[in-house]
Amino acid sequence: MARRRRYRRRNTRGKFAFVYRLLIFVIICGAIAAALALFFKVDRVEVSGNSRYSTEEIVEAGGVAIGENLFFLNKYEVASCIAGDLTYVESVQISRRLPNTLCIAVSECEHAVAVEQDGALWLGCYNGKIADTAPIKDKANYVMLTGLTLQEPTVGQSMIPLAEQESKYHALLLLLRQLYQKNMLSDLQEIHLEEDAYLSLRYLGRFDVQLLWTADFDYKLEYLKAVVERLEDNEKGTIDLTQDGKASFVPK
């Protein structure tokens, strides 16, 4: 009997110890949450990467308010609102710098691709979002994209190709991302998607570059730059990158 009573006392003390530790944990979490709510509030917003839109426009689009809690603020919702409201914004990165600064880094569409359709140019960002429209007479200002037909194009929405062009469009987005990351979009004048075997680029105003639809665009674009470096500044022609491990140059 005495042994059983001692076991019960130990079991009771163990249960109380668990409850005590749980209570301490809850109190600590509550204290941390209260400290975050009281001390870490948005006092300053820093915006970088913007040129088309002002800092005030970006902050307003994100719905950020001075005095809002820095940690309880939903940064994904802020980024989504900015990209949704400001059509030339391609991407948004939100970060916090303690104790009171919210940092917003945006990437704006600087070198748009243009699809001529319905009497206008539909301007697309590298991620496929339609940023704006422009008159056809301004073709020279954009990378002209041919061989793609858009379904009900709408500014602020993603390009939607015809069903039979979806695989080409997917490859196009992969290519545009690589061109953007390598700062090569400004060197392009045209992208042609008409051929089933390959796509072609008008590069540096003097080369027609052929790439397979299934190519490793990261590798092939680096290869393209290496090939161009070996050519003379006055040379023009076609650079065929559709073959494995080699390139062919046909002068014009």
Side-chain angles (χ1 to χ4, degrees), residues 42-66 68 70 73-97 100-146 148 150-161 169 172-191 201-205 217 221:
V42 177
D43 186 52
R44 183 182 179 188
V45 181
E46 288 186 359
V47 178
S48 60
N50 57 314
S51 58
R52 180 177 295 272
Y53 300 110
S54 68
T55 295
E56 291 73 18
E57 287 176 308
I58 292 173
V59 172
E60 182 179 355
V64 179
I66 297 299
E68 190 171 356
L70 192 62
L73 178 146
N74 188 331
K75 62 180 184 179
Y76 302 105
E77 183 178 342
V78 171
S80 177
C81 288
I82 293 172
D85 289 356
L86 306 179
T87 57
Y88 275 90
V89 172
E90 292 179 310
S91 63
V92 185
Q93 296 292 328
I94 308 291
S95 60
R96 306 174 179 93
R97 188 167 71 242
N100 55 12
T101 302
L102 183 71
C103 302
I104 303 175
V106 301
S107 171
E108 295 179 347
C109 184
E110 296 180 0
H111 304 289
V113 296
V115 177
E116 182 179 345
Q117 186 173 314
D118 303 327
L121 299 179
W122 296 88
L123 309 182
C125 304
Y126 80 87
N127 59 8
K129 183 174 73 170
I130 299 176
D132 205 349
T133 60
I136 293 177
K137 64 180 179 62
D138 292 341
K139 283 184 181 181
N141 297 330
Y142 307 103
V143 180
M144 291 304 301
L145 178 61
T146 66
L148 186 71
L150 305 179
Q151 299 188 65
E152 300 181 359
T154 304
V155 173
Q157 302 298 315
S158 295
M159 294 180 179
I160 302 176
Y169 177 67
L172 171 68
L173 291 183
L174 295 177
L175 173 63
L176 289 176
R177 179 171 292 277
Q178 288 298 325
L179 288 166
Y180 169 78
Q181 292 177 350
K182 297 177 186 300
N183 295 315
M184 295 175 68
L185 272 173
S186 60
D187 297 325
L188 258 62
Q189 290 74 50
E190 300 168 7
I191 302 176
L201 314 175
R202 185 62 177 172
Y203 182 61
L204 295 175
F217 295 128
L221 292 176

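We count residues from 1, following the sequence as given.
Using a 4.5 Å heavy-atom threshold, the side chains of N100 and L70 count as separate. V106 has its side chain out of reach of L86: every pair of non-hydrogen atoms, C-beta onward, lies at least 4.5 Å apart. D118 is listed as a side-chain neighbour of P153, based on a closest heavy-atom distance under 4.5 Å. For the pair T146/E190, no side-chain contact is recorded, criterion being any heavy-atom separation below 4.5 Å from C-beta on.
Between G62 and V78, the closest heavy-atom pair is O-CG2, 3.7 Å. For the residue pair T87 and V155, the shortest heavy atom distance occurs at CG2-CG1, 3.8 Å. Contact detail for L123 and A114: the closest heavy-atom pair is CD2-CB, 3.7 Å. Listed here is the closest heavy atom pair of V115 and L148: CG1-O, 3.6 Å. The two residues V47 and I58 come nearest to each other via the heavy atoms CG1-CD1, 3.6 Å. Minimum interatomic distance between N50 and T55 (heavy atoms only, all atoms of both residues): ND2-N, 3.6 Å.
Interatomic distance, L179 CG to S186 OG, rounded to the nearest 0.5 Å: 10.0 Å. Atom CG in D43 sits 7.5 Å away from atom OG1 in T101 (nearest 0.5 Å). Interatomic distance, CD1 of I94 versus CG of N74, reported as 10.0 Å (0.5 Å rounding). Taken to the nearest 0.5 Å, the CZ atom of R44 stands 8.5 Å off from the SG atom of C103. With rounding to the nearest 0.5 angstrom, the OG atom of S95 is 9.0 Å from the CD atom of E46. The structure places SG of C109 at 8.0 Å from CG of N127, a figure rounded to the nearest 0.5 Å.
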task: Given side-chain contact (heavy atoms from CB on, under 4.5 Å), test Q181 with Y126 step by step and report yes or no.
output: CA-CA 10 Å; Q181 292 177 350; Y126 80 87; over 6 Å; no

- prompt: Given L172 and M159, is the side-chain contact (heavy atoms from CB on, under 4.5 Å) satisfied, shown in steps?
  reply: CA-CA 12 Å; L172 171 68; M159 294 180 179; 5.6 Å; no

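The environment of R177 atom CZ is sparse: at most 12 non-hydrogen atoms of other residues, nucleotides or ligands sit within 6.0 angstrom. The neighbour count for Q93 CD, taken as heavy atoms of other residues, nucleotides or ligands under 6.0 Å away, does not exceed 12. Enclosure of atom CD in Q151 by more than 12 non-hydrogen atoms of other residues, nucleotides or ligands within 6.0 angstrom is indicated.
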For a quick test of your reading: what N or O donor-acceptor pairs under 3.5 Å do the side chains of residues 136-144 make, sequence neighbours left out?
unit_1, atom_1, unit_2, atom_2, d
K139, NZ, E116, OE1, 2.8

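In terms of modelled atom types and a separation under 3.5 Å, the side chain of T154 and the main chain of E152 share a donor-acceptor contact. A donor-acceptor pair is defined here as one N or O able to donate and one able to accept, closer than 3.5 Å; no such pair exists between the side chain of Q178 and the backbone of L221. Side chain of W122 to backbone of I130: no donor-acceptor contact under 3.5 angstrom is found.
Considering H111, E110, E90 in turn, E90 is the only one that fulfils the side-chain contact (heavy atoms from CB on, under 4.5 Å) rule with Y180.
For Q189, the side-chain hydrogen bond (donor to acceptor under 3.5 Å, both in side chains) criterion is met by no residue, not counting sequence neighbours. Listed by chain and residue number, S51 satisfy the side-chain hydrogen bond (donor to acceptor under 3.5 Å, both in side chains) test with E108 (two or more places apart in sequence, or in another chain).
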